[in-house]
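Side chains are part of it too, since the values below use all heavy atoms of this structure and drop only hydrogens, waters and symmetry mates.
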Amino acid sequence: MRPRSSGTMLLAAIALCLAGCDGTVDVPHLTLAKSFSRALQDCMEYLQVPGYRYAEYAGNSFPDDPETKCLLRCVGLNLRWWNDTTGVQAAVIEGFFHPDPVDEQYDNRTSECLRNELTHGDTSDCCCLAYESFRCYLKNYGNLVPCAQFFPEDESRYVRAAQDCIEFLQTPVKLLKSYSAGHFPDAPETRCLLRCFFLRTGVFYVDTGFDVERLYTRDYEHPDDRYLSRETEAKLHKLRGSMGDQCTEVYLAYRDVLGHLGKAYFEYDVLKAAAQQVLCEVPIELPATTTTASTTTTSTTTACPSKAEFNYKELNCQNCGRMFISPKGRISCCRCMKSSTPFGKFFF
């Protein structure tokens, strides 16, 4: 075995300190949380920045050199506070800094710094722009927060979280068909599905209710200060525990208070996409392999026909001749949702 370099050993030690003695982090639900230090170490590994430089960065010293600039761009992409097209995402990066409580001008100073630095620099150099944006926050907004902070998911993870909740709660097919068409009946199952989704994505707690700061961060592409207003806080507090049923409390809070904030009714869009996935109404192509004496060819499936054209005693649709295979190994038609085991001939 080749000996590790000192830089590699340093990064490994840093990782152990950040993650705990066993090198793992036990995170509830599907919440994404990461510290600036952890993201910095990730990017040092991605970009092969020498490990000895971490001590410099840990002291909040970020020299004006190309390696450091691209490293900070990577950190911004990692934590979602930087986008090469739209620039710094204020609703996200603010969570990684703690302002001085007596400083009333930190926000104005940061905004002025961003205006001055970003208008005079090379607007085509994304590493430089990300670096200068970070420096403005570091010098003017507050101190870096050492602990892991919540940061937004990408849309595919939200859809996955909604699919998980549909499976956990065994949401009826009849309701899924309504959701897939964009209709959300006020039913107990709908209410509890919303509660599960908010829990799974880390913006609601059983004991304390909604985390409006996380909702504000989650909707960073549509920043809405109303999430953080006293009026919103008062309305949520009034609902808290007043229903005797947490599913109803969450549903009413969403319908009457939160749904129109940020990216309006984002949750319904996600639940619609998740229901479509579960019902196989989103086109899914899986390779179907045909083997001959000398060659193997691959073709793709096509959409299954309507229920009336389906032969329930065979393992295929009469029209397209193929079936969709779910990740759980069961064969099912996307339209009628009938299923069989891979080893049986008849549906049940």
Side-chain angles (χ1 to χ4, degrees), residues 1-27 31-84 87-103 106-107 109-110 113-114 116-118 120-122 125-152 217 220:
M1 180 182 294
R2 290 185 299 176
R4 290 187 176 186
S5 68
S6 58
T8 302
M9 294 176 67
L10 176 59
L11 288 178
I14 293 164
L16 191 60
C17 291
L18 290 170
C21 293
D22 62 354
T24 61
V25 178
D26 196 5
V27 179
T31 307
L32 290 181
K34 187 178 289 191
S35 67
F36 177 86
S37 297
R38 175 70 258 184
L40 183 67
Q41 190 216 344
D42 289 348
C43 287
M44 288 180 72
E45 294 177 355
Y46 300 149
L47 303 182
Q48 301 184 65
V49 176
Y52 68 81
R53 298 208 68 179
Y54 183 84
E56 184 178 24
Y57 300 143
N60 286 345
S61 175
F62 298 92
D64 185 356
D65 62 69
E67 187 173 58
T68 301
K69 290 181 178 181
C70 286
L71 176 64
L72 284 172
R73 171 183 173 270
C74 175
V75 172
L77 293 171
N78 195 339
L79 296 175
R80 309 274 200 271
W81 57 254
W82 177 257
N83 181 293
D84 284 343
V88 67
Q89 308 298 310
V92 181
I93 195 172
E94 289 169 3
F96 291 92
F97 290 89
H98 181 68
D100 186 332
V102 300
D103 184 358
Y106 66 91
D107 200 14
R109 286 200 311 274
T110 305
C113 177
L114 289 171
N116 292 336
E117 296 296 333
L118 302 186
H120 296 98
D122 182 358
D125 186 343
C126 293
C127 290
C128 184
L129 292 174
Y131 173 79
E132 295 297 345
S133 298
F134 173 79
R135 293 261 298 169
C136 282
Y137 276 88
L138 185 64
K139 290 188 296 183
N140 299 286
Y141 199 88
N143 296 320
L144 273 170
V145 176
C147 302
Q149 299 295 305
F150 171 84
F151 67 100
T217 300
Y220 68 97

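- Residues passing the ring pair (Phe, Tyr, Trp, His ring centres under 6.0 Å) test with Phe36 are Phe134, sequence neighbours excluded.
- The two atoms that bring Val145 and His98 nearest to each other are CG2-N, 3.8 Å, heavy atoms only.
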Carefully, step by step, assess Arg135 and Asp64 under the rule salt bridge (Lys or Arg N to Asp or Glu O under 4.0 Å). CA-CA 10 Å; Arg135 293 261 298 169; Asp64 185 356; over 6 Å; no
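- Below 30°, between 30° and 60°, or above 60°: for Tyr141 and Phe97 the angle between ring planes is above 60°, a perpendicular geometry.
- For the residue pair Tyr57 and Thr68, a side-chain donor N or O sits within less than 3.5 Å of a side-chain acceptor on the partner.
- Considering OG of Ser133 and CG of Leu118, their distance stands at 4.5 Å, rounded to 0.5 Å.
- Residues Asn140 and Asp103 approach most closely at O-OD2, 4.5 Å, considering heavy atoms.
- With rounding to the nearest 0.5 angstrom, the CD atom of Gln149 is 12.5 Å from the CD1 atom of Ile93.
- Remark: Asp65 CG is packed, more than 12 non-hydrogen atoms of other residues, nucleotides or ligands lying under 6.0 Å away.
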Criterion side-chain contact (heavy atoms from CB on, under 4.5 Å) on Cys43 and Val49, from CA distance to verdict: CA-CA 8 Å; Cys43 287; Val49 176; over 6 Å; no
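- The pair Lys69-Asp125 does not count as a salt bridge, with every side-chain nitrogen at least 4.0 angstrom from each carboxylate oxygen.
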What do the steps show when you test Tyr54 against Ser37 for side-chain contact (heavy atoms from CB on, under 4.5 Å), and what is the final call? CA-CA 9 Å; Tyr54 183 84; Ser37 297; 3.6 Å; yes
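- In this structure, Phe62 and Leu71 have side chains that are not in contact, with every pair of non-hydrogen atoms separated by 4.5 Å or more.
- Taking Tyr46 as the reference, nothing meets the ring pair (Phe, Tyr, Trp, His ring centres under 6.0 Å) condition, with sequence neighbours excluded.
- When every heavy atom of Ala33 is checked against every heavy atom of Ala148, the shortest pair comes out as C-CB, 4.1 Å.
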Please report the C-alpha distance between Glu132 and Cys136 in whole Å, then the side-chain angles of each, then the deciding distance to 0.1 Å, and finally whether the side-chain contact (heavy atoms from CB on, under 4.5 Å) criterion is met. CA-CA 6 Å; Glu132 295 297 345; Cys136 282; 5.6 Å; no
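- A salt bridge links Arg53 and Glu56; the closest N-O separation between the charged side-chain nitrogens and carboxylate oxygens is under 4.0 Å.
- Of all heavy-atom pairs spanning Asn60 and Leu138, the tightest one is O-CD2, 4.1 Å.
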Side-chain donor-acceptor contacts of residues 74-84 below 3.5 Å, not counting sequence neighbours, with atom names and distances?
unit_1 : atom_1 : unit_2 : atom_2 : d
Asn78  : OD1    : Lys34  : NZ     : 3.2
Asn78  : ND2    : Asp42  : OD2    : 3.4
Arg80  : NE     : Pro152 : O      : 3.2
Trp82  : NE1    : Asp84  : OD1    : 2.7
Asn83  : OD1    : Thr85  : N      : 2.7
Asn83  : OD1    : Thr86  : N      : 3.0
Asn83  : OD1    : Thr86  : OG1    : 3.4
Asp84  : OD1    : Arg73  : NE     : 3.1
Asp84  : OD2    : Arg73  : NE     : 3.3
Asp84  : OD2    : Arg73  : NH2    : 2.6

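- Looking at every heavy atom in both residues, Pro146 comes nearest to Ser35 through O-CB, 3.6 Å.
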